[in-house]
Amino acid sequence: MDNTILIREATFQAELLPDQLARLPSRQLVRLFVIMLLNSYLEENNTSIKKLTDWLPEALSITKAKWEQANREYEKGWRKIGELCLITPEIQAQKDLNRQLTSTVRRTRDCYKDIQKIQKCFNEAQNYHKRRNNHG
C-alpha cells in the first residue's frame, strides 16, 4: 500500500500514515473517514477509500497470523521459574526468553487490535454514510 491516506474537503486536507491511524481517538478517526466518504467524488478521497478497503482485510489477516504465531512460540518456549531459585546462567537465559516471548505476544496482539480499531471506525463511517444517503 502507498504510504499515505489523503483526505480532502474544500480547504481541509489530511495526509495520514495507515500504520499510525490507530493512534487517533476513535471518534476523530470516524469523523475523518466520514469526511472522506462524503467527498468520495474527489479523486484523492476515492483513491484513499480504495486503498483502505484493499489494505484493511490484508492487514487484519497478517497481524492475526503474527499474533497466533507469537502465541504458539510463547506456549512452546515459556517456562515458569521459581521465585527463590538460585539464578544460574540457564535460569537467567530462560527469564530473558520468557520476557521476550511475553513482549512479542503483547506487541503482536496490540498491532492486531489496532487494525481492528481502524476497521471498526471505517465500518462505522460507512454505516453513517449509507444512513445519510438513504435519508438525505
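Positions are given from 1 along the sequence. Below, all heavy atoms of this structure are taken into account, side chains as well, without hydrogens, waters or symmetry copies.
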Regarding Gln94 and Glu90, is there a side-chain donor-to-acceptor distance under 3.5 Å anywhere?
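Side-chain D/A pair, Gln94 to Glu90: absent.
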
If you define the side chain from C-beta out and look only at heavy atoms, does anything of [X] sit under 4.5 Å from [Y]?
| X | Y | answer |
| --- | --- | --- |
| Tyr74 | Thr102 | yes |
| Ile5 | Glu15 | no |
| Leu6 | Asn45 | no |
| Cys121 | Phe33 | yes |
| Ile91 | Leu86 | no |
| Leu38 | Arg132 | yes |
| Thr53 | Gln126 | yes |
| Leu21 | Leu52 | yes |

With distance as the sole test, does [X] use its side chain to make a donor-acceptor pair with the main-chain N or O of [Y] at under 3.5 Å?
| X | Y | answer |
| --- | --- | --- |
| Lys66 | Thr108 | no |
| Asn39 | Ile35 | yes |
| Lys51 | Thr4 | yes |
| Arg79 | Lys76 | yes |

Could I get the full list of side-chain hydrogen bond (donor to acceptor under 3.5 Å, both in side chains) partners for Tyr112, not counting sequence neighbours?
Gln116

Between [X] and [Y], is there a shared hydrophobic cluster once you connect ILVMFWY residues whose side-chain heavy atoms come closer than 4.5 Å?
| X | Y | value |
| --- | --- | --- |
| Leu97 | Val105 | yes |
| Ile49 | Val30 | no |
| Ile81 | Ile87 | yes |
| Tyr128 | Leu24 | no |
| Phe12 | Leu29 | yes |

Heavy-atom neighbours of Lys64 NZ exceed 12 at 6.0 Å:
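Counting other residues, nucleotides and ligands, NZ of Lys64 stays at 12 neighbours or fewer.
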
Atom [atom1] in [X], atom [atom2] in [Y]: separation rounded to 0.5 Å?
| X | Y | atom1 | atom2 | result |
| --- | --- | --- | --- | --- |
| Glu124 | Arg27 | CD | CZ | 10.5 Å |
| Leu56 | Asn123 | CG | CG | 8.0 Å |
| Leu37 | Ser48 | CG | OG | 10.5 Å |
| Leu42 | Ile7 | CG | CD1 | 12.0 Å |
| Glu73 | Glu68 | CD | CD | 12.5 Å |
| Leu101 | Trp78 | CG | CH2 | 10.0 Å |

Using the side-chain contact (heavy atoms from CB on, under 4.5 Å) rule, take Ile115 and Trp55 through it: C-alpha gap first, then chi angles, then the decisive distance, then the call.
CA-CA 10 Å; Ile115 302 297; Trp55 175 74; 3.6 Å; yes

Taking every non-hydrogen atom, the tightest pair across Pro57 and Asp54:
CD-O, 3.7 Å

Could you list all the salt bridge (charged side-chain N to carboxylate O under 4.0 Å, His left out) pairs where at least one residue sits in residues 30-47, not counting sequence neighbours?
Arg8-Glu44

Pairs involving residues 94-108, ordered by first then second residue, that meet salt bridge (charged side-chain N to carboxylate O under 4.0 Å, His left out) (sequence neighbours left out):
Asp96-Arg99

Audit row: Lys50, Asn46, side-chain contact (heavy atoms from CB on, under 4.5 Å) steps and yes/no
CA-CA 6 Å; Lys50 174 108 175 77; Asn46 203 26; 6.0 Å; no

One pair to check against side-chain contact (heavy atoms from CB on, under 4.5 Å): Phe122 and Leu32. What are the steps and the verdict?
CA-CA 9 Å; Phe122 191 58; Leu32 286 170; over 6 Å; no

